[in-house]
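Take a look at the structure set out below.
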Amino acid sequence: MHELGLEALELAWVRSVRVSEETCRQIRETAQALGIALSVHAPYFINLNAKDRSGYRASRERLMAAARAGYLAGARDIVFHPGSYQGARPERAYETVRRRLQEIVEELREEGVEVILRPETMGKSALFGTLDEVIQLSREVPGVLPCIDFAHLHARAGDGSLNSYEEFTDALRRVAAGLGPRGLQELHIHVSGIAYTRKGERHHLNLKEADLRYEELLRALIDMGGRGRVLCESPNLEEDALLLQGTYRRLLAQAGK
């Protein structure tokens with residue numbers, strides 16, 4: 001990342017967390033020496049709305065393992081997929097997720113694991129993770145802030161919406177309204193191209209192969225005064241990360257900022 005001129009890296013521990021304390025130390029020291037900001041993407045197999053206790057316990061352990069190891073590796077932000085509705089009303093699923101997330105945060109704090117847990121906005125309507133849901137979780141649970149995946153938000157409705165400067169700006173205004181100034185000053189954003197159907201997300205694409213208007217998104221971030229990190233999740237990770245970085249810097253210069 002440093003050789004490419006990139007400044008942030010999300011450790012993709014998406015299958016499992018299998019990393020020693022010594023490796024975490026090496027990651028932390030190397031990132032600090034090179035000025036690379038780290039975050040962690042926890043395993044995909046997490047559902048804080050799991051109906052059975054064993055399913056929830058397994059989800060809880062996966063998230064806590066990612067938080068513990070991420071903290072040792074120097075990562076401040078732990079991104080995770082919060083789960084699915086599993087046939088429950090969104091309001092009821094929200095209460096379950098909120099209560100369980102509160103328990104996890106409290107246990108991590110007792111252990112001295114000082115990280116921010118970031119529930120991610122999700123790309124299918126069957127999955128927990130609308131923008132409003134992750135904002136509300138962040139309002140109600142200390143130590144929680146959103147991970148806003150704009151590709152997922154674009155795909156979620158299945159109709160091509162949330163893909164314009166006006167819609168991106170409105171989304172950021174909702175973050176600011178819900179979380180105050182901190183909401184826009186500590187952003188953690190995922191961007192990629194995305195393929196979708198009427199049911200939502202299918203798979204990620206390279207930016208130039210997709211319809212996401214990423215330049216309008218970056219312009220909205222600049223105009224709204226957004227600060228934080230943008231992580232690329234395209235299949236061609238480094239190439240599209242550099243495309244986003246170059247586009248952002250060009251737009252900044254045009255705006256005189």
Side-chain angles (χ1 to χ4, degrees), residues 1 4-10 12 14 39 41 44 77 79-82 118-135 145-176 183-184 186-255:
M1 296 297 100
L4 289 170
L6 298 172
E7 300 168 334
L9 173 66
E10 192 149 285
V14 296
S39 55
H41 197 306
Y44 293 137
D77 300 279
V79 176
F80 68 99
H81 295 177
R118 290 190 179 261
E120 183 176 345
T121 56
M122 299 306 295
K124 293 182 179 180
S125 59
L127 300 177
F128 183 98
T130 66
L131 180 60
D132 290 336
E133 284 169 340
V134 299
I135 290 172
L145 285 174
C147 172
I148 306 173
D149 189 315
F150 278 98
H152 284 170
L153 291 177
H154 171 47
R156 186 177 179 98
D159 59 2
S161 59
L162 221 166
N163 195 32
S164 67
Y165 173 84
E166 292 75 18
E167 290 168 302
F168 295 136
T169 301
D170 177 69
L172 293 169
R173 286 192 179 121
R174 285 156 63 189
V175 174
L184 292 185
E186 297 185 35
L187 289 167
H188 195 93
I189 292 171
H190 287 175
V191 179
S192 70
I194 198 161
Y196 55 90
T197 68
R198 291 171 60 185
K199 294 182 178 181
E201 174 190 11
R202 289 187 61 196
H203 54 81
H204 288 196
L205 295 171
N206 298 336
L207 287 170
K208 291 183 178 180
E209 300 168 1
D211 68 350
L212 186 75
R213 298 173 183 169
Y214 64 89
E215 186 164 328
E216 294 183 35
L217 168 59
L218 295 175
R219 188 156 54 86
L221 284 168
I222 291 169
D223 291 348
M224 290 293 294
R227 298 288 184 273
R229 302 176 194 173
V230 175
L231 287 304
C232 177
E233 289 197 325
S234 297
N236 63 344
L237 290 171
E238 294 86 356
E239 183 177 336
D240 271 3
L242 290 168
L243 173 61
L244 289 167
Q245 183 190 68
T247 304
Y248 180 75
R249 289 176 173 171
R250 173 172 56 79
L251 293 172
L252 267 182
Q254 290 176 356

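Pairing each heavy atom of Ala210 with each of Gly193, the nearest pair is CB-CA, 3.5 Å. Residue Gly129 comes nearest to Val134 through the heavy atom pair CA-CG1, 4.4 Å, listed as atom of the first residue, atom of the second, then distance. Across all their heavy atoms, Ser192 and His204 have their closest contact at OG-ND1, 3.3 Å. Closest approach of Ile222 to Ala255, counting heavy atoms only: CG2-CB, 4.3 Å. The two residues Leu153 and Ile148 come nearest to each other via the heavy atoms CD1-CG2, 3.8 Å. Pairing each heavy atom of Val79 with each of Cys147, the nearest pair is CG1-SG, 3.8 Å.
In this structure Arg118 satisfies the salt bridge (charged side-chain N to carboxylate O under 4.0 Å, His left out) test together with Asp77, sequence neighbours excluded. Considering only residues two or more places apart in sequence or on other chains, Asn206 meets the side chain to side chain contact (heavy atoms under 4.5 Å, CB included) condition with Glu209, Ser234, Pro235, Asn236, Asp240. For Ala195, the side chain to side chain contact (heavy atoms under 4.5 Å, CB included) criterion is met by Arg202, His203, Leu205, not counting sequence neighbours.
Atoms CD and NE2, from Glu120 and His188 in turn, are 8.5 Å apart once rounded to the nearest 0.5 Å. The CG atom of Leu217 sits 7.5 Å away from atom CG of Leu172, with the distance rounded to the nearest 0.5 Å.
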Should Val191 and Leu207 be marked as a side-chain contact (heavy atoms from CB on, under 4.5 Å) after you check the CA-CA gap, both sets of side-chain angles, and the distance that decides it? CA-CA 9 Å; Val191 179; Leu207 287 170; 4.3 Å; yes

Carefully, step by step, assess Met122 and Arg156 under the rule side-chain contact (heavy atoms from CB on, under 4.5 Å). CA-CA 7 Å; Met122 299 306 295; Arg156 186 177 179 98; 3.9 Å; yes

Passes side-chain contact (heavy atoms from CB on, under 4.5 Å), His41 versus Leu231? Steps please. CA-CA 11 Å; His41 197 306; Leu231 287 304; over 6 Å; no

CA sep, side-chain torsions, deciding dist, call: Leu221, Leu187, side-chain contact (heavy atoms from CB on, under 4.5 Å): CA-CA 10 Å; Leu221 284 168; Leu187 289 167; 3.8 Å; yes

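Residues Ile194 and Glu201 meet the side-chain proximity criterion, which asks for heavy atoms closer than 4.5 Å. Leu218 has its side chain out of reach of Leu252: every pair of non-hydrogen atoms, C-beta onward, lies at least 4.5 Å apart. Between Glu238 and Met1, some side-chain heavy-atom pair lies under the 4.5 Å cut-off. You'll find the side chain of His81 stays beyond 4.5 Å of the side chain of Leu127, heavy atoms only. Looking at Tyr248 and Val230, their side chains never come closer than 4.5 Å, going by heavy atoms from C-beta outward.
The stretch residues 211-222 participates, sequence neighbours left out, in these salt bridge (Lys or Arg N to Asp or Glu O under 4.0 Å) pairs: Glu215-Arg250. Sorted by first and then second residue, the ring-ring contact (aromatic ring centres under 6.0 Å, His included) pairs with a member in residues 157-176 read Phe150-Phe168; sequence neighbours excluded. Among pairs with a residue in residues 163-176, those fulfilling salt bridge (Lys or Arg N to Asp or Glu O under 4.0 Å) read Asp132-Arg174, Asp170-Arg174, at least two apart in sequence or across chains.
Looking at Gln245, its side chain never comes within 3.5 Å of a backbone N or O of Ala241 through a donor-acceptor pair.
Under 3.5 Å, the side chains of Glu233 and His190 contain a donor-acceptor pair of N or O atoms.
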